[in-house]
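Notes for the one structure printed next.
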2 protein chains.
Amino acid sequence: MKKKVSIKDIAQTVGVSTALVSYVLNNKEKEARVGKEIAQVIRDTAVEMGYQPNQIAKSLKTGKSHTFGLIVADISNPFFANLARNVEDEAKKFNYTVIFASADENAEKSQNLINILTERQVDGFIIAPAENSQEQIEALLKNNIPLVLIDRYFKGLDTNYVMTNNYEASYHAVSHLIEAGRTNIGMVAYKTDLVHMLDRKRGYLDAIKDNKLLKAKTPLIKTVDFNANQEEIGAGIRELFAQNPGMDALFFATNTLTLKGLKSLNKMQYRVPDDVAIVCFDESEAFDFFYSPLTYIEQPLLEMGKKAVQILIKNITDKKSLNTQISIPSKLIVRQSSAIVKKH
Amino acid sequence: MKKKVSIKDIAQTVGVSTALVSYVLNNKEKEARVGKEIAQVIRDTAVEMGYQPNQIAKSLKTGKSHTFGLIVADISNPFFANLARNVEDEAKKFNYTVIFASADENAEKSQNLINILTERQVDGFIIAPAENSQEQIEALLKNNIPLVLIDRYFKGLDTNYVMTNNYEASYHAVSHLIEAGRTNIGMVAYKTDLVHMLDRKRGYLDAIKDNKLLKAKTPLIKTVDFNANQEEIGAGIRELFAQNPGMDALFFATNTLTLKGLKSLNKMQYRVPDDVAIVCFDESEAFDFFYSPLTYIEQPLLEMGKKAVQILIKNITDKKSLNTQISIPSKLIVRQSSAIVKKH
DNA sequence: CTTGTTTGTTTAAACGTTTAAGCTTAAGTT
DNA sequence: AACTTAAGCTTAAACGTTTAAACAAACAAG
């Protein structure tokens, strides 16, 4: 039970050439005109000897590793963890293995991960690109490495991508707040030029503009750093309240922002939805447990994961295939945090 | 920018043999007595040509893939997602790549994943073993494949493992409930013989016994299936209440059980901690948002992840090294859900 | 100046596969 | 009988590395 058994070992014990063994074990008997009986013998000895193909050797020969990389911001963030799980499951259906990696919204780390994974000869990438990683993506494209962007994309780049309808979803969510009677709505978002975030901001702004709620002089959007902690986010919210006296609703751009924001609101003793209504992007188990269950935008993680894998594999198997760019709609889940409050 | 550049290409343009290039790029100049000037030329042309080593070829030659597999129950479960992130980071420090996979507490899936990963020639495994996967682990051991169990282990098997002190942590948590004045404490756990779960049950039972609270005739532990939904867990809790009139506290064995359990308790209109105190294993962002912030057992995920990686790598580099079996203590975070309630 | 040592470099086999091309023998076809 | 085709198998090169061993030239020492 020490040494691994190779095709050569099988060939030797059966008394044939390695070629024959390879043909049989790859179900190429027909094309290679292998004898029926000997094929069976080969198959039997293979299982008898406990043969496990060496994928590394296979990959070296064929130039395909049947592996791809999934680069996200942080695998421990439930959003990406769920996405990853869906990607994993879909990949398995096509006999692909996926290697996850976390880039922490950091271009340098991202480049590092891309290097490591290309050295490992992955057949392609699914990437939630970090800010300033545009050249990295371009380089991959130039090198003809199949690639699907997910969650975000770059305006100028013609790539495959799978997104949700960030603009419309935000527009819809904010409109919902307005319909619920809110007139002074703030937004907390990340300080970034990544398109998904810009779209969410645009959706927010347009909804306000279209409903003539915009007070031009006050900045209604507070942006914070990707790695902002609860205090910084709390400070941002405080500023929003200071700049917009009477602010009666907040729209959070992501789950992390929401969670830290809610804790700050609790500390500041704001009540939801009485003092301030809340709507946010993404899901979290915690949203169900907040005293006023949150209204949130549910992203289609299952479909996004599946689609990304399918597109990637299409691109891997047919390198000439055109780019696919899809946007899958999110769903607004309305609950108590954005309820209409009786004025008294 | 089409074809990848190989060591051969570099050798050709510099005008030396591939051996020299290999020596230089692997920093074996000293041992191989490569000329200083030519070494520099080789190094320069390598970066000029944008050389990226082919890890697949390297692996085939050296028999080491510098990769290991991490098999957990479900990567989308925050417990495993966090663990995975810590494993990822620690592995990167040693230049290892990790391949995550979810076995869904299912032995068949687990075997499947092990097969796929061994075919990919991973250098080792970190596994949170599923029930009935003992023979799989034994087989790996017999084949001399380095291996660290995490979160759970098997009583009869001499393997590396990294765990938390499930028994003591549970004992302590339940004792804490008793000290807080609770006298009729139920437990919700998974129906499994995996050691970590048995230990948590034992800790619970012993704490009760040592404090003379045990009513022998009533089964105070309700066990449910791994994939039990909220309704089933709710039904379990209902039964517990029926069998133990006056039950005034519940101990949940995992985060998932807790989340579903709390939702059921809400539905049944039990109030925490007035009607029933709660303590649970694992963390969840949601615990902070429950109206009565939960008292929970915080597992040392960072240390567990790090240790597991370190032990695995030690085992990979020195196959003769003895098994390391460590238990890292968890911490009870006491909050409102287990508070003392004034009787009236 | 032989012989030995050092320094710098190349050769070539190997890792476990795949696969085009070649080889043999048997079976059809005229 | 001579030739073609088919069936069944083997040969050998290749994928991109690593590395022990061989080689060659330069230098040192006796």
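Within every chain, numbering begins at 1; the chains are lettered A, B, ... in the order of the sequence lines, protein sequences first and strands thereafter.
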Report task. Would you tell me if any nitrogen or oxygen in the side chain of Lys28(A) comes within less than 4.0 Å of OP1 or OP2 on dT19(C)? Result -> yes
Requested in this report: From the options dT17(D), dT18(C), dT10(C), select the nucleotide whose nearest atom is closest to the side chain of Asn54(B).
Outcome: dT17(D)
Query raised in the report: Heavy atoms, side chains only, cut-off 4.5 Å: are Leu20(B) and Val14(B) in contact?
Result: no
Query raised in the report: Which part of the nucleic acid does Leu60(A) contact within heavy-atom distance under 4.0 Å: base, sugar-phosphate only, or nothing?
Result: base
Report summary line: Lys30(A) atom NZ is separated from dA7(D) atom P, nearest whole Å, by 12 Å
Report summary line: Asp9(B) CG to dC15(D) P, in whole Å, measures 10 Å
Query raised in the report: Separation of Ile56(A) atom CD1 from dT18(C) atom C1', in whole Å?
Result: 16 Å
Requested in this report: Output yes when at least one side-chain N/O atom of Ser22(B) is less than 4.0 Å from OP1 or OP2 of dT18(D), else no.
Outcome: yes
Report summary line: Taken to the nearest whole Å, CZ/Arg33(A) to P/dA7(D) is 7 Å
Requested in this report: In whole angstrom, give the distance that lies between atom NZ of Lys61(A) and atom P of dA13(D).
Outcome: 12 Å
Query - Residue whose nearest DNA chain D nucleotide is more 5′ - Thr18(A) or Lys36(A) - result: Lys36(A)
Report summary line: Atom OH of Tyr51(A) and atom C1' of dG16(C) are separated, to the nearest Å, by 8 Å
Query raised in the report: So which nucleotide from dT11(D), dG16(D), dT18(D) ends up closest to the side chain of Ala19(A)?
Result: dT11(D)
**Report entry** Donor-acceptor pair between Asp104(A) and Ser102(A) side chains, under 3.5 angstrom
**Finding:** no
Requested in this report: Report the residue (Val21(A) or Ala32(B)) whose heavy-atom-nearest nucleotide on DNA chain C is the more 5′ of the two.
Outcome: Ala32(B)
Query raised in the report: Quick one: does Val41(A)'s side chain get under 4.5 Å of Val16(A)'s, heavy atoms only?
Result: no
Report summary line: Lys8(B) NZ to dT18(D) C1', in whole Å, measures 14 Å
Query raised in the report: Which sits closer to the 5' end of DNA chain D, Tyr23(B) or Ala57(B), going by the nucleotide each is nearest to?
Result: Ala57(B)
Query raised in the report: Do Ser110(A) and Gln136(A) have side-chain atoms, one donor and one acceptor, less than 3.5 Å apart?
Result: yes
Requested in this report: Indicate whether OP1 or OP2 belonging to dT18(D) is found under 4.0 Å from a side-chain N or O atom of Lys58(B).
Outcome: yes
Report task. Answer whether the closest heavy-atom distance between the side chains of Asp151(A) and Phe79(A) falls below 4.5 Å. Result -> yes
Requested in this report: Rounded off to whole Å, could you give me the CD-to-P distance for the Glu29(A) and dA7(D) pair?
Outcome: 15 Å
Query raised in the report: Where the side chain of Ile7(B) is defined as all heavy atoms beyond and including C-beta, which of dT11(D), dT18(D), dT17(C) is the nearest nucleotide?
Result: dT18(D)
Query raised in the report: What is the nucleic acid contact for Ile38(B), judged by heavy atoms within less than 4.0 Å: base, sugar-phosphate only, or nothing?
Result: sugar-phosphate
Requested in this report: Remember a base hit wins even if backbone is also touched, and classify Ser6(A) as base, sugar-phosphate or nothing at under 4.0 Å, heavy atoms.
Outcome: sugar-phosphate
